[in-house]
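Each chain gets a letter, A, B and so on, in the order the sequences are listed, and its residues count up from 1.
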Number of protein chains: 2
Amino acid sequence: MPTRKLEKVVSLKDIKVACQQCSLNEICLPVGVDQQELDRLDAIIDRKRPLTRGEHLFRVGDPFQSLYAVRSGSLKTYTMSEDGQEQVMGFHLPGEIVGLDAIAGGRHPLAARSLETTSVCEIPFVDLETLSAQIPGLQHELLRVMSQEIRDDEQNMVILGQKSAEERLAAFLVGLSNRFRRRGFSATQFNLSMSRSDIGNYLGLALETVSRLFTRFQNDGLLRVDRKHIELLDRERLCEFSGAQCAQPTSRSAHPQA
Amino acid sequence: MPTRKLEKVVSLKDIKVACQQCSLNEICLPVGVDQQELDRLDAIIDRKRPLTRGEHLFRVGDPFQSLYAVRSGSLKTYTMSEDGQEQVMGFHLPGEIVGLDAIAGGRHPLAARSLETTSVCEIPFVDLETLSAQIPGLQHELLRVMSQEIRDDEQNMVILGQKSAEERLAAFLVGLSNRFRRRGFSATQFNLSMSRSDIGNYLGLALETVSRLFTRFQNDGLLRVDRKHIELLDRERLCEFSGAQCAQPTSRSAHPQA
DNA sequence: CAAATTCATTGATCTGGATCAACAAATACC
DNA sequence: GGTATTTGTTGATCCAGATCAATGAATTTG
């Protein structure tokens with residue numbers, strides 16, 4: 001891979017994928033936006049060269065210019081505490097928006113780094129704001145996405161504040177499963193693009209605990225693990241294990257509420 | 001206090017406090033909104049009869065109609081897990097907005113209950129949305145507030161996921177102190193309107209642990225506690241204890257970024 | 001204003017999960 | 001293709017903080 005620096009050359013012509021043909025347009029921003037409006041949104045969005053594994057999309061303190069929508073692959077967001085201790089804040093799958101936490105401060109409070117080859121859409125925020133004022137559906141959608149993020153973070157606070165190690169990992173896996181399903185992937189079989197250490201860090205557990213729990217869940221017949229690959233054998237029971245409201249229907253429902 | 005039930009009578013005439021004369025207008029929504037626009041915002045806002053201690057502003061599952069801005073007093077938001085176990089999600093002080101997590105689902109995922117006599121402004125969301133599309137500054141402000149909430153929730157996730165009991169409580173107190181200061185109250189002396197149990201629940205600690213830590217902090221000369229009343233004697237050191245970035249200036253800075 | 005209830009403090013004990021440690025399996029690197 | 005490095009698994013030990021328990025304020029209630 002010698003052609004690493006040719007960003008603009010690649011992005012402008014070759015990757016001419018518009019929002020309307022993007023398989024994520026049901027999940028990403030443009031819900032409730034009509035064709036013509038979609039074109040206008042599309043026009044402000046920049047599709048960048050894919051990130052290779054480990055590459056940063058942005059770093060802590062970078063000035064906030066744009067939101068990013070994951071098109072394929074995955075990202076993790078994280079900070080370092082004073083002592084250089086990494087804290088993983090989230091994982092981001094296709095159709096999810098990254099950077100919403102930077103609007104208030106004008107700088108990214110977290111870094112975002114790709115966990116595998118990952119492509120994103122860059123959405124310049126000033127343009128998005130302008131467009132939002134003109135397209136009511138878009139404004140509403142933006143508010144909805146932000147509200148959902150707040151909601152999700154609250155859920156995570158419950159998990160971190162009250163749940164046992166077992167419940168945390170179960171909830172994490174069920175959550176991932178739901179997110180995969182929503183975007184048309186298998187809900188019972190997927191790859192973990194993040195390491196055990198990332199999972200542990202995210203869940204507030206030691207990586208050894210995560211590893212032990214995977215083994216235990218496997219012995220209990222709840223799932224099968226092989227390295228990065230996960231197969232959920234008993235999603236039902238895993239849900240119960242997570243001690244949470246898992247009344248997620250099997251079909252793709254838009255936005256289930258608590 | 002015999003006149004408890006006269007909601008409408010009181011709210012319409014007597015409590016005619018407009019946004020522009022509200023002491024919170026620098027903190028609450030209307031930053032970057034000019035006088036005329038403020039009048040329009042003011043027009044949609046409903047000032048309700050104060051809530052007495054323990055009263056609910058809304059409950060889990062209530063249809064989402066409005067956001068609420070706390071004018072005086074304080075609220076806690078919480079859910080119940082399956083087993084009837086309460087989970088405190090947050091405390092809300094004057095100038096803070098409640099209900100942002102309900103936009104996405106159309107229903108309140110949390111209940112909000114007053115911790116003391118508390119008055120709020122009700123902001124009907126459809127009106128706010130309409131107005132936001134017309135007043136760019138307001139739209140931006142709304143997005144900023146939501147972004148800040150996401151940011152704050154992320155901070156809380158770090159606290160719950162990685163910090164020791166001592167660090168959690170220290171961070172909590174410093175955080176409260178900062179919030180009080182921002183709205184013109186003393187940063188070193190304030191009342192905790194919530195119980196030890198609420199604090200513990202919120203921080204993912206047993207209430208006994210919270211109590212012990214208060215005693216310890218007091219013995220260490222960090223603060224003085226008397227029942228609900230707190231006096232921070234060594235804010236500096238408490239900051240360090242919290243193991244967090246506490247470079248909060250003493251002056252009122254608008255929106256410090258990490 | 002006395003009884004009941006809630007809330008806070010402090011002590012004693014127990015345990016889930018962290019930490020330390022050693023090794024195995026993948027993957028990257030030269 | 002062989003060495004180095006990262007990543008994952010498993011075992012042994014330890015401790016921060018939960019839980020259990022008892023007592024003492026405050027606050028509420030009738």
Side-chain angles (χ1 to χ4, degrees), chain A residues 1 52-55 76 83 85-88 113 115-117 159-172 191-220 223-230 241 243, chain B residues 1 4 52-55 76 83 85-88 113 115-117 159-173 191-220 223-230 241 243:
Chain A
M1 39 215 73
T52 56
R53 181 184 144 91
E55 226 178 320
K76 76 169 172 185
D83 50 5
Q85 166 85 356
E86 183 173 305
Q87 161 69 33
V88 176
R113 181 210 284 253
L115 292 165
E116 59 195 307
T117 303
I159 288 170
L160 291 174
Q162 314 262 278
K163 305 291 188 180
S164 68
E166 167 177 287
E167 290 171 320
R168 292 182 200 197
L169 188 62
F172 174 69
N191 281 304
L192 300 172
S193 56
M194 69 295 288
S195 69
R196 300 286 190 272
S197 161
D198 281 339
I199 297 173
N201 187 307
Y202 175 66
L203 294 176
L205 301 173
L207 68 91
E208 293 95 326
T209 305
V210 174
S211 186
R212 277 185 247 272
L213 284 171
F214 271 127
T215 312
R216 177 133 65 88
F217 284 167
Q218 178 158 270
N219 291 340
D220 292 356
L223 48 75
R224 204 172 301 147
V225 206
D226 176 29
R227 189 83 179 144
K228 299 280 189 189
H229 188 260
I230 295 283
F241 261 92
Chain B
M1 43 212 74
R4 193 65 74 75
T52 58
R53 182 182 142 90
E55 225 179 322
K76 77 170 174 186
D83 50 5
Q85 165 85 358
E86 182 174 306
Q87 160 71 31
V88 176
R113 180 209 285 250
L115 292 166
E116 59 196 308
T117 303
I159 287 170
L160 292 174
Q162 314 262 277
K163 305 291 187 179
S164 68
E166 167 178 287
E167 290 172 319
R168 292 182 201 197
L169 188 62
F172 173 70
L173 292 172
N191 281 304
L192 300 172
S193 56
M194 68 295 288
S195 68
R196 300 286 189 271
S197 161
D198 281 339
I199 296 173
N201 187 308
Y202 175 65
L203 295 175
L205 301 173
L207 69 93
E208 293 95 328
T209 304
V210 174
S211 186
R212 279 184 246 271
L213 284 171
F214 270 128
T215 313
R216 176 132 65 88
F217 283 166
Q218 178 158 268
N219 292 340
D220 293 355
L223 48 75
R224 204 172 301 144
V225 206
D226 176 30
R227 189 84 180 146
K228 299 279 191 192
H229 188 260
I230 294 282
F241 261 93

Closest-nucleotide ordering on DNA chain C, the 5'-leading residue of A/R216 and A/D226: A/R216

N/O (side chain, B/T215) to phosphate O (OP1/OP2, C/dT10) under 4.0 Å: yes

Here the distance between atom P of C/dA28 and atom CD of A/E116, to the nearest Å, is 14 Å

In this structure, how many angstroms lie between the C1' atom of D/dT7 and the CG atom of A/L115, rounded? 14 Å

Quick check for you: to the nearest 0.5 Å, what is the distance between B/I230 atom CD1 and B/Q218 atom CD? 8.5 Å

Which whole-number value in Å describes the distance from A/N201 CG to D/dT7 P? 13 Å

Heavy atoms only, 4.0 Å cut-off, all strands: where does A/S211 land among base, sugar-phosphate and nothing? base

Counting the atoms with a prime plus P, OP1 and OP2 as sugar-phosphate, which does B/L207 contact under 4.0 Å by heavy atoms, base, sugar-phosphate, or nothing? base

Of the candidate nucleotides C/dA21, C/dG17, C/dA8, which contains the atom at the shortest distance from the side chain of B/K228? C/dA8

Let me know the distance between CG of B/L160 and P of D/dG17, rounded to the nearest Å. 13 Å

A/G204 near the nucleic acid: base, sugar-phosphate alone, or nothing, with a heavy-atom cut-off under 4.0 Å? sugar-phosphate

B/R227 near the nucleic acid: base, sugar-phosphate alone, or nothing, with a heavy-atom cut-off under 4.0 Å? sugar-phosphate

When the distance from CD of A/E208 to P of D/dG11 is rounded to whole Å, what number comes out? 13 Å

Nearest-Å distance, CG (B/N219) to C1' (C/dT10)? 12 Å

Is it true that a side-chain atom of B/R168 and a backbone atom of B/K163 form a donor plus acceptor pair closer than 3.5 Å? yes

With a 4.5 Å cut-off on side-chain heavy atoms, are B/I159 and B/E167 touching? no

Give a yes or no on whether the backbone of B/L207 and the side-chain of B/S211 come within a donor-acceptor separation of less than 3.5 Å. no

Identify which one of B/E55, B/E86, B/E116 satisfies the salt bridge (Lys or Arg N to Asp or Glu O under 4.0 Å) criterion when paired with B/K76. B/E86

For the pair made of CD in B/Q162 and P in D/dA16, what is the distance, rounded to whole Å? 17 Å

Most 5' of B/R53 and B/L205 on DNA chain D, judged by nearest nucleotide: B/L205

Which is true for B/G54 with a 4.0 Å heavy-atom rule: it touches a base, it touches only sugar-phosphate, or it touches nothing? nothing

If you pin A/T209 and B/R168 to their nearest nucleotides in DNA chain D, which one's is more 5'? A/T209

For A/A206, report the nucleic acid contact type (base, sugar-phosphate, nothing); a contact means any heavy atom under 4.0 Å. base

What about A/R212: does its side chain form a donor-acceptor pair under 3.5 Å with the base of D/dG11? yes

Expressed in angstrom and rounded to an integer, what is the separation of B/L169 atom CG from D/dG17 atom P? 11 Å

